[in-house]
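Just passing along the structure, written as structure tokens.
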Amino acid sequence: MVAQDTPFEWQWQLSCSGPEAYERYIVPAWMGRWAEALVAAGAVGAGDRVLDVACGTGVVARKAARLVGPKGRLTGVDFNEDMVRAAKRFADQEGLSGIEWHCGDVLGLPGDKPEYDVVLCQQGVQFFPDRPAALKAMRAALVPGGRLVLSCWRAVARIPLFAVLADVLEGYFGPAMRAGFQASSSLSDREDLRALLQEAGFNDIRVRLEIQAARHPDLLELLAGYLSVFPSGTAIAAMSETDRAAMFRSMAEGLRDFQDDDGLAVPMESHVATAMR
Ligand SMILES: C[S@@+](CC[C@H](N)C(=O)[O-])C[C@H]1O[C@@H](n2cnc3c(N)ncnc32)[C@H](O)[C@@H]1O
């Protein structure tokens, strides 16, 4: 239960915008641990040349960079300029200034010849407008025998955090607010994912269902930070304090079964696909 006197306005003020909020809230709560699993699934090791597609703030690239060492190579690419700029900043802050960052579409991947041992893509493929062409471009970036690892969320209904937030936001702002969650889960079928990889020419395709808990010690802080990343942030900022408090209270109620002594602990389900060129 969330106490009626919770300082919602203060909680909302904690949030910041775009890549900073993504890095501050979403990465520690879930994306960071999913990134570790992705990199492990790719068996990324010393000397590997690795491409992180749709790199966002670079959480996957940073984890991989630590494993490839000085003889390896790390490239991150994303079409969102703010994300790429932030990715470079976060990497530099962690002493990982050797990562190459490119702003661009997946269909214009850096390099005109196969040059990567591993291509990684965490929660990106579902957003690509031309998925078959994107998968072919990712395959073309791999050397023969190179490996691909990608992840795509399962259905919204299987991810309580998404389901509760989508329901509550739709109730306040209308059906358009559900669209972002639906887009996140728009490649949730295991066989659709496999077919996409097969059509792109990949071999040894394996699709695993992975389940991990998203965790955060302060649910309201997480919700404020998380929602500020997306278009919902603008709408929420324009609400009265009373309405905003009531809305966050509804979200917290919806997630009541997913809290323990350490705060939020809510399962998330994703497919993680591995394949070889
Ligand atoms: C959910 S985020 C995942 C970011 C990152 N992989 C991570 O694990 O945190 C999806 C990312 O895909 C990027 N993206 C979407 N469509 C893209 C495209 N056509 N080409 C390149 N990047 C794209 C977005 O800018 C966004 O950063």
Side-chain angles (χ1 to χ4, degrees), residues 17-42 44 50-65 74-91 94 99-111 118-138 140-141 148-154 156 159 161-162 165 179-188 196 200 210 212 214 225-233 268-273:
S17 62
E20 278 71 27
Y22 191 96
E23 189 70 14
R24 184 160 151 189
Y25 297 102
I26 298 176
V27 167
W30 63 88
M31 280 305 207
R33 283 193 306 283
W34 283 102
E36 275 162 27
L38 195 87
V39 168
V44 173
V50 180
L51 175 64
D52 178 13
V53 176
C55 63
T57 59
V59 56
V60 169
R62 295 196 306 271
K63 303 251 182 230
L74 234 302
T75 308
V77 61
D78 196 291
F79 74 175
N80 181 323
E81 210 175 309
D82 288 347
M83 283 288 196
V84 176
R85 217 177 292 121
K88 176 169 171 30
R89 195 167 62 250
F90 297 139
E94 292 185 20
I99 304 176
E100 301 159 37
W101 301 103
H102 294 268
C103 183
D105 191 271
V106 60
L107 298 183
L109 289 175
V118 187
V119 169
L120 304 171
C121 184
Q122 173 159 274
Q123 306 301 342
V125 176
Q126 61 267 53
F127 299 105
F128 300 155
D130 188 343
R131 293 170 186 161
L135 264 296
K136 283 187 185 129
M138 289 155 79
L148 169 80
V149 190
L150 63 85
S151 58
C152 289
W153 296 124
R154 294 241 288 164
V156 171
I159 302 177
L161 181 65
F162 291 175
L165 299 193
F181 297 98
Q182 278 167 337
S184 288
S185 292
S186 60
L187 186 48
S188 60
L196 200 56
E210 300 284 354
Q212 284 195 29
Y226 176 37
L227 294 173
S228 72
V229 173
F230 303 103
S232 53
M268 301 184 84
E269 297 189 10
S270 178
H271 286 128
V272 177

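Read the numbers this way: they start at 1 and go in the same order the structure lists the ligands and their atoms. Position 1 is the first residue of the sequence; numbering continues from there.
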Could you give the distance from OG (Ser270) to CZ (Arg154), rounded to the nearest 0.5 Å? 9.5 Å

Residue set satisfying ring pair (Phe, Tyr, Trp, His ring centres under 6.0 Å) with Trp101, at least two apart, ordered chain then number -> none

Do Glu269 and Ser188 pair up side chain to side chain, a donor and an acceptor below 3.5 Å, judged on atom types alone? no

If you look only at pairs with a residue in residues 29-41, which of them pass as a salt bridge (Lys or Arg N to Asp or Glu O under 4.0 Å), with sequence neighbours excluded? Glu36-Lys63

Measure up the Trp153 and Phe162 rings against each other and bin them: parallel (under 30°), tilted (30 to 60°), perpendicular (over 60°). perpendicular

Which parts of the protein, at residue level, reach under 4.0 Å of ligand 1 through a heavy atom? Tyr22, Ala54, Cys55, Gly56, Val59, Asp78, Phe79, Asn80, Gly104, Asp105, Val106, Gln122, Gln123, Phe127, Phe128

Could you give all pairs that pass the salt bridge (Lys or Arg N to Asp or Glu O under 4.0 Å) test and reach residues 80-91, with sequence neighbours left out? Glu20-Arg89, Glu81-Arg85, Asp82-Arg85, Lys88-Asp92

